[in-house]
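The block underneath contains the structure these notes are about, expressed in C-alpha cells.
Numbering of residues begins at 1 and proceeds along the displayed sequence. Just so you know, these numbers come straight off a predicted model, no measurement behind them.
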Amino acid sequence: MVHLPPLVEPAGELTPEEVARYSRHLIIPNVGIDGQKRLRHARVLVVGAGGLGSPALLYLAAAGVGTLGIVEFDDVELSNLQRQIIHGRSDVGRPKAESARDSILELNDGVEVRLHRVRLDSSNALELFENYDLVLDGTDNFATRYLVNDAAAIVGIPYVWGSIYRFEGQVSVFWDGAPDGAGINYRDLYPEAPPPGMVPSCAEGGVLGVLCASIGSIMVTEAVKLITGIGDTLLGRLMIYDALAMSYRTVGLSRDPHRVPITELIDYEAFCGVVPAVESKDATITAQELRTMLDSGREVALIDVREPVEWDIVRIDGARLIPKDRILSGAALTDLPQHVPIVLYCKTGIRSAEALAAVVGAGFSDASHLQGGIVEWAKQIDPGMPIY
C-alpha cells in the first residue's frame, strides 16, 4: 500500500456558504478545512462523460473539486440513459459535454467546468493534460487508455483508471513519476494491447448499469485521496469487483523492469491494431448499397456475426446468425457459401470487420461487411428498428 503526500496545495479561506455545503467533510479529521481547500484548488480532467464519467463528474463536483475538465465529443443517445446518470431524457441528441456541464452546475455552481469537445489524440493530449493536476479515464477502448497513460506520464500527473464489462469492474491508480520511486503506469499492467476484438467494449458486450456507480465512486475516492493526501491509494494495486459474487479483491502490481521509458506519444490505433485488417475498397458496403442488393433479388448470404442475445433483440430480415467466434475459430467456415456474395454485419461494424478478415483469409473472394453495422442500417433504412 502506498501513502502519498497531498497532490494539491490548499486554496484560500472557505466562504460561509462553502462551510455549510461541505460541513460533512470538514468534521472528518482526515479531511477538515485543509483538505477541503485542497479540493477547491484542484484541477481534474475527466476523459469521457459516459458510464464511468457520469458518476465520477457528479461526485467530484459534489466533493468540491474547483475545476473540472471534460473531454467528450459524442452526443447523448437513448441507450446511454441506462447507466449514464449525468444525462436525462431531454438531453438526447445534445452534446454530452454540454449536458454534463449543466448537471454539474445544477449540483454545484461553484465549480468551474471546462469543456473540451474534441477527440483526444496524440496531437492534443499533452497540451490538455498540462492544465490539470490529475486525470480520470473511464473510456472503453485500449487506444485511448494507452494514450492517457503515456500523456499523463510525460506531463507527470497521476492517472486514475477504471474499466467495466458486464458484471465486473477494475480500478487502479497509475503515476509514473510518483514520489520515492513508487511509480508504475498502465503499461506495467498491460505491456501490450490485446488483439482487436478479444476484449469487447460495453457497446458490444453490455454492462450492468449500476456497475458504473460502483466503479465510478471508487475512482473518485482515489482522486480525493490523491488530492488531499489521505489514506493509502491504489497505486501499485489493481482492485477487481465482481457484482454477481459481490466481492472485491486486490492484486499487487509492480514495475516492469524491462519497460522502456515513455518519452513521446505514438499512433495508438496502430499500436492497438485498430487499423482495419482489410483495406480493399470492395470490403465495405454501405447500408444503402446493401438495400439495393437485397431488393434486386440477387442471391446474397447475409451473415449476422453478433451473439444470440443480440439477435433476439433485432436483426435484418433475411440474415443468418453465425457468431463471430465460430468464424474466427474456423468452425463455421464450411457453412459459408463459396459461390454467393457474402455480407457480414454486427452492431457497429467492428466485429464484422474482424470476421471479414478471417473469411477473406480463408479464401472467400466475394465478401464484404456492412459499414456501421445494424446501427447504421436502422438510421438509413429502417428508422423504426430498435437500437440497443
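- Annotation: side chain of S122 is in contact with side chain of L147 (closest heavy-atom distance under 4.5 Å).
- Here R94 pairs with D102 in a salt bridge; the nearest charged N to carboxylate O distance falls below 4.0 Å.
- Hydrophobic clustering (side-chain heavy atoms under 4.5 Å, transitive across Ile, Leu, Val, Met, Phe, Trp, Tyr) groups V224 together with Y132.
- The shortest non-hydrogen separation linking A223 to L60 is CB-CD2, 4.1 Å.
- A 6.0 Å sphere centred on CD of E112 holds more than 12 heavy atoms belonging to other residues, nucleotides or ligands.
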Quiz item: How far apart are the C-alpha atoms of L45 and L136, what are their side-chain angles, what is the distance that settles it, and do they pass the side-chain contact (heavy atoms from CB on, under 4.5 Å) test?
Solution: CA-CA 6 Å; L45 182 66; L136 274 69; over 6 Å; no
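- Expressed to the nearest 0.5 Å, how far CD1 of I342 lies from CG of L336 amounts to 4.5 Å.
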Quiz item: When you look at Y241 and I164, which way does the side-chain contact (heavy atoms from CB on, under 4.5 Å) test go after all the steps?
Solution: CA-CA 9 Å; Y241 171 54; I164 49 176; over 6 Å; no
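- Judged by distance alone, the side chain of N108 and the main-chain N or O of I104 form no donor-acceptor pair under 3.5 Å.
- Q82 contributes a side-chain N or O that, together with a main-chain N or O of V207, makes up a donor-acceptor pair within less than 3.5 Å.
- Of the inter-residue distances, the one linking Y22 atom OH with I27 atom CD1 reads 15.5 Å to the nearest 0.5 angstrom.
- Listed for the E72 side chain is a donor-acceptor partner under 3.5 Å among the backbone atoms of A49.
- The nearest pair of heavy atoms linking P10 to R38 is CD-NH1, 3.5 Å.
- Counting heavy atoms of neighbouring residues, nucleotides and ligands inside a 6.0 Å radius, atom CZ of R119 does not exceed 12 of them.
- The CD1 atom of I184 sits 8.5 Å away from the CZ atom of R259 when rounded to the nearest 0.5 Å.
- E77 places none of its side-chain heavy atoms less than 4.5 Å from the side chain of I387.
- Q170 approaches I215 most closely through the heavy-atom pair O-CG2, 3.9 Å.
- At least one side-chain heavy atom of E98 sits less than 4.5 Å from a side-chain heavy atom of R101.
- Ring pair Y146/Y268: centre-to-centre distance not below 6.0 Å.
- Under the 4.5 Å side-chain heavy-atom criterion for ILVMFWY residues, a single connected hydrophobic cluster contains both L134 and I262.
- In terms of heavy-atom proximity, L234 sits nearest to E222 at N-OE1, 2.7 Å.
- Residues N80 and D74 form no side-chain contact, since every pair of their non-hydrogen atoms from C-beta on lies 4.5 Å or further apart.
- Y159 and D137 are linked by a side-chain donor-acceptor pair at a separation below 3.5 angstrom, with hydrogens and angles left out of the test.
- A heavy-atom distance below 4.5 Å is found between the side chains of P5 and P179.
- With hydrogens and angles disregarded, no donor-acceptor distance shorter than 3.5 Å links the side chain of S99 to the backbone of P95.
- Donor-acceptor pairing under 3.5 Å is recorded for the side chains of D121 and S123.
- Judged by distance alone, with hydrogens and angles left aside, the side-chain atoms of K347 form no donor-acceptor pair with the main-chain N or O of I374 at under 3.5 Å.
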Practice problem: Kindly indicate, with the supporting measurements, whether the criterion side-chain contact (heavy atoms from CB on, under 4.5 Å) is fulfilled by V44 and I227. | Solution: CA-CA 10 Å; V44 177; I227 291 166; 3.9 Å; yes
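- Linking Ile, Leu, Val, Met, Phe, Trp and Tyr residues whenever their side-chain heavy atoms come within less than 4.5 Å places L126 and F174 in a single cluster.
- Side chains of I316 and L370 form a contact here, defined as non-hydrogen atoms less than 4.5 Å apart.
- In this structure, CG on N185 lies 7.0 Å from CZ on R255, to the nearest 0.5 angstrom.
- Geometric assessment of R306 against the ring of Y388 yields a negative cation-pi assignment under the 6.0 Å and 45° thresholds.
- Taking all atoms of both residues into account, the shortest heavy-atom contact from L7 to D133 is CD2-O, 3.4 Å.
- With R40 contributing its side chain and G64 its backbone, the two residues share no donor-acceptor pair below 3.5 Å.
- Residues Y248 and M219 share a single hydrophobic cluster, defined by chaining ILVMFWY side chains whose heavy atoms lie under 4.5 Å apart.
- At distances below 3.5 Å, not a single donor-acceptor pair connects side-chain atoms of Q84 with backbone N or O atoms of P55.
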Exercise. Quick one: do D335 and R326 satisfy salt bridge (charged side-chain N to carboxylate O under 4.0 Å, His left out)? Show the steps, please.
Key: CA-CA 10 Å; D335 297 333; R326 295 194 63 236; 3.7 Å; yes
Exercise. Carefully, step by step, assess D188 and L253 under the rule side-chain contact (heavy atoms from CB on, under 4.5 Å).
Key: CA-CA 8 Å; D188 293 310; L253 303 177; 5.9 Å; no
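- Going from atom CG of L244 over to atom CG of L208 covers 8.0 Å, rounded to the nearest 0.5 Å.
- In summary, the aromatic rings of W377 and Y345 are positioned with their centroids too far apart to meet the 6.0 Å limit.
- The environment of CG in D312 is crowded: more than 12 heavy-atom neighbours from other residues, nucleotides or ligands sit within 6.0 Å.
- Using a distance-only test at 3.5 Å, with no hydrogens or angles considered, a donor-acceptor pair links the side chain of N149 to the main chain of Y186.
- Distance check: H369 NE2 to L290 CG gives 12.0 Å after rounding to the nearest 0.5 Å.
- Residues I327 and L333 form a side-chain contact, since some pair of their non-hydrogen atoms from C-beta on lies under 4.5 Å apart.
- Hydrophobic clustering (side-chain heavy atoms under 4.5 Å, transitive across Ile, Leu, Val, Met, Phe, Trp, Tyr) groups V118 together with L115.
- The backbone N or O of T144 sits less than 3.5 Å from a side-chain atom of N141, completing a donor-acceptor pair.
- With E310 as reference, R351 is the one residue of R351, R315, K324 to meet the salt bridge (charged side-chain N to carboxylate O under 4.0 Å, His left out) rule.
- Atom OH of Y59 has 12 or fewer heavy atoms from other residues, nucleotides or ligands within 6.0 Å.
- Nearest heavy-atom pair, T284 versus S368, reported as atom, atom and distance to 0.1 Å: N-CB, 4.3 Å.
- With Y190 as the aromatic partner, R145 does not meet the cation-pi criteria of under 6.0 angstrom to the ring centre and within 45 degrees of the ring axis.
- Annotation: side chain of R89 is in contact with side chain of L78 (closest heavy-atom distance under 4.5 Å).
- Comment: D256 does not engage R187 in a salt bridge, judged by the lack of any side-chain N to carboxylate O separation of less than 4.0 angstrom.
- The backbone N or O of A153 lies less than 3.5 Å from no partner atom in the side chain of W175, so there is not a single donor-acceptor pair.
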